[in-house]
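The structure appears right after this line, and notes come after that.
Counting begins at 1 with the first residue of the sequence.
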Amino acid sequence: MDLYCVMGNPVEHSRSPRIHARFAQLCGQQLEYGRRLIPLGAFAEGIAAFRREAAERGDAALGCNITVPFKFEAAALAQHTSERALLAQAVNTLCFEADGGIRADNTDGIGLVNDIVRNAGVPLQGKALLLIGAGGAAAGVLGPLLDAGASRVVVANRTVDKAVELVRRHAAIALRHGASLEAWALDEVPGAFDVVVNATASSLAGDAVPVKASVLREGGLAVDMMYGPAAAGFMAWAEAHGAVARDGLGMLVEQAAESFEIWRGVRPPSAQVLAEIRAELK
């Protein structure tokens, strides 16, 4: 059996096994996808154990998804890393090679772009976009957002130096696309935006939205990368100020679809699975 899993701490909440099982069913692929809780400080050992245990069973461990807090550690384990993962300096997808090597990628950003463009029906070409946060979640999506054609992207963060560093790292991509890329403090962001993406943990912590409502353009799109109850506060705030609110469930399904295609060479019907998962949650 071909084995895959999601590794994290915590990980029991992850919907990835449900998503990948449905992808496999719809695409006629034979595989198993599970959850593995990895102790803090033992990520490399967790990878080795997954591969060893699969071999002992006569199965093949072929890949895994990585969630918090191991995305940075995963990047350090790989021998081959995609350009987008190098830019993000974080990894959410690992492929295990027959020779023992590891290939790494980051599908978070393209997952977010695909959800916004395909599922929400909002083109990013020529749009003004605000990215709230400058941590690992923001780093994983900034490059693909620029590649999607946003004409102006502002990265806003409580610690401005982190936003400045993230902007510096992506300056070449912005230049290539002729996009304006700026770093601002959360309370100093100028102007209103077609799309606002919350990549902070404010929703998870139940904190107030960290930017002023004037950043929202009437009828614009506001996306929280969290989903379910964790995104409720941000979404309610966005809707109260005239924006269209969206949670991160579509991003979750679309990044999973990218990982699935990397592993299996077939594109799963992500929109169908997203609709099914939303119906289950309701």
Side-chain angles (χ1 to χ4, degrees), residues 66-76 81-92 106-113 115-116 124 127-148 150-177 179-216 221-227 230-231 233-234 237-238 246-248 251 255:
I66 311 300
T67 187
V68 292
F70 300 118
K71 291 187 177 184
F72 299 106
E73 292 181 60
T81 305
S82 71
E83 181 181 356
R84 60 192 179 189
L86 285 171
L87 197 59
Q89 297 182 357
V91 159
N92 80 330
N106 190 316
T107 65
D108 285 334
I110 191 62
L112 175 62
V113 168
D115 183 55
I116 291 173
L124 290 172
K127 296 295 178 66
L129 186 145
L130 172 62
L131 181 61
I132 307 171
V141 302
L142 180 53
L145 288 170
L146 288 164
D147 283 336
S151 60
R152 181 189 180 213
V153 177
V154 168
V155 179
N157 196 59
R158 183 166 280 106
T159 306
V160 182
D161 287 349
K162 288 188 69 175
V164 169
E165 169 57 23
L166 190 57
V167 164
R168 183 201 61 77
R169 211 160 73 223
H170 289 75
I173 292 184
L175 183 63
R176 185 164 73 234
H177 292 294
S180 168
L181 180 58
E182 311 159 31
W184 288 86
L186 288 172
D187 58 353
E188 297 177 354
V189 177
F193 298 83
D194 302 297
V195 179
V196 175
V197 177
N198 183 22
T200 72
S202 61
S203 296
L204 195 60
D207 296 338
V209 176
V211 293
K212 53 195 176 185
S214 60
V215 303
L216 296 170
L221 180 67
V223 182
D224 197 312
M225 288 171 62
M226 301 292 181
Y227 66 91
F234 179 86
W237 169 82
R246 188 171 184 83
D247 69 5
M251 173 185 172
Q255 64 81 23

Is the shortest heavy-atom distance from the side chain of [X] to the side chain of [Y] under 4.5 Å?
X      : Y      : answer
Leu216 : Trp237 : yes
Val197 : Met225 : yes
Arg158 : Pro210 : yes

Side-chain donor-acceptor distances from residues 186-195 under 3.5 Å, at least two apart:
residue	atom	partner	partner atom	Å
Asp194	OD1	Arg217	NH1	2.9
Asp194	OD2	Ala128	N	2.8
Asp194	OD2	Arg217	NH1	3.4

Exercise. Checking side chain to side chain contact (heavy atoms under 4.5 Å, CB included) for the pair Glu182/Val153: CA distance, chi angles, key distance, verdict?
Worked result: CA-CA 6 Å; Glu182 311 159 31; Val153 177; over 6 Å; no
Rounded to the nearest 0.5 Å, what's the gap from [atom1] on [X] to [atom2] on [Y]? Could you check?
X      : Y      : atom1 : atom2 : answer
Phe234 : Thr200 : CZ    : OG1   : 8.0 Å
Met251 : Arg246 : CE    : CZ    : 12.5 Å
Leu181 : Leu142 : CG    : CG    : 6.0 Å
Ser180 : Leu175 : OG    : CG    : 11.5 Å

Do you know which two heavy atoms are closest between [X] and [Y], and how far apart they sit?
X      : Y      : answer
Gly140 : Ala88  : CA-CB, 3.8 Å
Ala134 : Val155 : CB-CG1, 4.2 Å
Phe72  : Ala90  : CE2-CB, 3.9 Å
Ala199 : Ala137 : O-CB, 3.7 Å
Leu166 : Ala138 : CD2-CB, 4.1 Å
Ala85  : Val91  : CB-CG2, 4.0 Å

Exercise. Under the side chain to side chain contact (heavy atoms under 4.5 Å, CB included) criterion, do Val223 and Asn198 qualify, and how do the steps go?
Worked result: CA-CA 6 Å; Val223 182; Asn198 183 22; over 6 Å; no
[X] side chain to [Y] main-chain N or O, any donor-acceptor pair under 3.5 Å?
X      : Y      : answer
Arg84  : Asn106 : yes
Thr107 : Gln255 : yes
Asp247 : Asp224 : no

Exercise. Is a side-chain donor-acceptor pair under 3.5 Å present for Asn92 with Thr67?
Worked result: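 No, because no side-chain N or O of Thr67 sits under 3.5 Å from a partner of the opposite role on Asn92.
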For this session: Determine whether the side chains of Thr159 and Asp161 contain a donor N or O and an acceptor N or O closer than 3.5 Å.
Result: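 Note: Thr159 and Asp161 side chains miss the donor-acceptor criterion.
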Exercise. Between Arg168 and Glu165, is the closest basic N to carboxylate O distance under 4.0 Å?
Worked result: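 The answer is yes: the pair qualifies as a salt bridge.
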Problem set entry | Cationic N near anionic O, under 4.0 Å, Asp108 to Lys71 |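 Between Lys71 and Asp108 there is a salt bridge, with a charged N closer than 4.0 Å to a carboxylate O.
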For this session: Take Val154 and Leu129 through the test side chain to side chain contact (heavy atoms under 4.5 Å, CB included) and record every step on the way to the result.
Result: CA-CA 6 Å; Val154 168; Leu129 186 145; over 6 Å; no
Problem set entry | Identified side chain to side chain contact (heavy atoms under 4.5 Å, CB included) counterpart of Val113 within the set Asp147, Leu124, Val141 |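 Among the candidates, only Leu124 passes.
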Problem set entry | By side-chain contact (heavy atoms from CB on, under 4.5 Å) - contacts of Ala183 (at least two apart) | Ala163, Val164, Val167
Seminar exercise, completed: Residues at least two apart in sequence or cross-chain that pass salt bridge (charged side-chain N to carboxylate O under 4.0 Å, His left out) with Arg169, listed by chain then number, are none
